[in-house]
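From a predicted model like this one, the values you see are computed outputs, not experimental measurements. When reading the values below, keep in mind they use all heavy atoms of this one structure, side chains included, and skip hydrogens, waters and symmetry mates. Protein chains get the first letters and strands the later ones, always in sequence-line order, with residue 1 at the start of each.
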There are 2 protein chains.
Amino acid sequence: MRTLINRPRHTDHTMHKPEHLKNAGLKTTLPRLKVLQLFEDGTERHLSAEEVYKLLSDAGELVSLATVYRVLTQFQQAGLLVQHHFDSGRSVFELNSGKHHDHIVCQQCGHVEEFYDATIEKRQEKIAAEHGFVIDEHALYIYASCTKQPCPNKK
Amino acid sequence: MRTLINRPRHTDHTMHKPEHLKNAGLKTTLPRLKVLQLFEDGTERHLSAEEVYKLLSDAGELVSLATVYRVLTQFQQAGLLVQHHFDSGRSVFELNSGKHHDHIVCQQCGHVEEFYDATIEKRQEKIAAEHGFVIDEHALYIYASCTKQPCPNKK
DNA sequence: TTCGCAAATGAGAATAACTATCATTCGCAA
DNA sequence: TTGCGAATGATAGTTATTCTCATTTGCGAA
């Protein structure tokens, strides 16, 4: 169980930098700080709006679902978060590390692994160019099954 | 405007093979034949449920939306169609050619181009293996902008 | 060829994941 | 501290899709 409110409190000089909000032209509000903190906490890298809402609620940090959606979208537009569309039909967000990467999603347990492959990136550019396109963005999702691990998040 | 009903009629020995349905263990029904014909017609390779419904309606071939959804899902499970999830949040289907390929989607006009790259495919297998996964399937979507064409489907 | 019945369909209600509306509240600059 | 525009919460609305159930249909058996 996640204990957001019982964890040692940080003040302004901490790691969940409110200045990120300022820089993005967003007012420093409580809901925004809570959502940002959840991602920067790092326990779960990939979260859907519903999951953010639930995690905050479980921690006693009530933020309305509408606000969660709004804040996630704003963070994504501000470049703080990156949005992904896994096959499931719902969006998931993750902190923007500044480094593009792709994803392997385990179909059994939902576990997400990240990877970056320069060869694939290069080929994509080449292919797009050959077809007369300029890449805006791209997403490579590998849907797979864990082999070595016992699926960690199996539910 | 698509004129499904005014196009030369084919009878049982035609190209929109009802035996595909039989082989898939699906009863040969009118709605199923109509949907299958629409895809085998080949005018548009990638269609959403809503688009299938609309194209059939416009051609005077009424099939309820619920049935369209059901039939598309059945066809996909039977291996007649392949389903894709472009970023838009709606599923599109295409005839299963038997050959895996990936997609470039123009963000301006919605035009979809297909490609296959052996190098990328190999790298994916390698990467999955390195991470201890066995690939079930994968999807590479490149979202881009047409450069050479005037966007053909621009609306 | 007709019968019977399980399977398929149509119409519309229900659901999931968002998005919009609007009255109230809050951050922050003066 | 005050004032105002931005942000929030509650909730209604949308979009894409699935479910329910009464009616119809394909097709093997008679």
Is there a side-chain contact between [X] and the phosphate of [N], meaning an N or O under 4.0 Å from OP1 or OP2?
{"X": "B:Thr67", "N": "C:dG10", "result": "yes"}
{"X": "B:Tyr69", "N": "D:dT18", "result": "no"}
{"X": "A:Thr28", "N": "C:dC28", "result": "yes"}
{"X": "B:Ser48", "N": "D:dA16", "result": "no"}

Mind calculating the distance between [atom1] ([X]) and [atom2] ([N]) to the nearest angstrom?
{"X": "A:Arg32", "N": "C:dT25", "atom1": "CZ", "atom2": "P", "answer": "19 Å"}
{"X": "B:Leu30", "N": "C:dT9", "atom1": "CG", "atom2": "P", "answer": "9 Å"}
{"X": "A:His85", "N": "D:dA16", "atom1": "NE2", "atom2": "P", "answer": "13 Å"}
{"X": "B:Leu56", "N": "C:dG10", "atom1": "CG", "atom2": "C1'", "answer": "15 Å"}
{"X": "B:Leu33", "N": "D:dC27", "atom1": "CG", "atom2": "C1'", "answer": "14 Å"}
{"X": "B:Lys27", "N": "D:dT24", "atom1": "NZ", "atom2": "P", "answer": "16 Å"}
{"X": "B:Leu72", "N": "D:dA16", "atom1": "CG", "atom2": "P", "answer": "15 Å"}
{"X": "A:Tyr53", "N": "D:dT11", "atom1": "OH", "atom2": "P", "answer": "11 Å"}

Checking D:dT17, D:dA7, C:dC18 against the side chain of B:Ser91 (C-beta onward), the nearest is D:dT17
Between D:dT8, C:dT9, D:dC19, spot the one nearest the side chain of B:Ala66, thanks. D:dC19
Taking [X] for its side chain and [Y] for its backbone only, find out whether a donor-acceptor pair lies under 3.5 Å.
{"X": "A:Thr73", "Y": "A:Tyr69", "value": "yes"}
{"X": "A:Arg32", "Y": "A:Lys27", "value": "yes"}
{"X": "B:Tyr141", "Y": "B:His85", "value": "yes"}
{"X": "B:Glu51", "Y": "B:Ser48", "value": "yes"}
{"X": "B:Asp102", "Y": "B:Phe115", "value": "no"}

So what is the end-to-end bend of the helix from C:dT1-D:dA30 to C:dA30-D:dT1, with 5 pairs used at each end and the value given to 10 degrees? 20°
Look at B:Lys126 together with B:Glu130 and state whether they make a salt bridge at an N to O cut-off of under 4.0 Å. yes
Pairwise 5' ranking along DNA chain D for B:Arg90 and B:Thr29, keeping only the more 5' one: B:Arg90
Hey, can you tell me if A:His46 and A:His103 have their rings parallel, tilted or perpendicular (30° and 60° cut-offs)? perpendicular
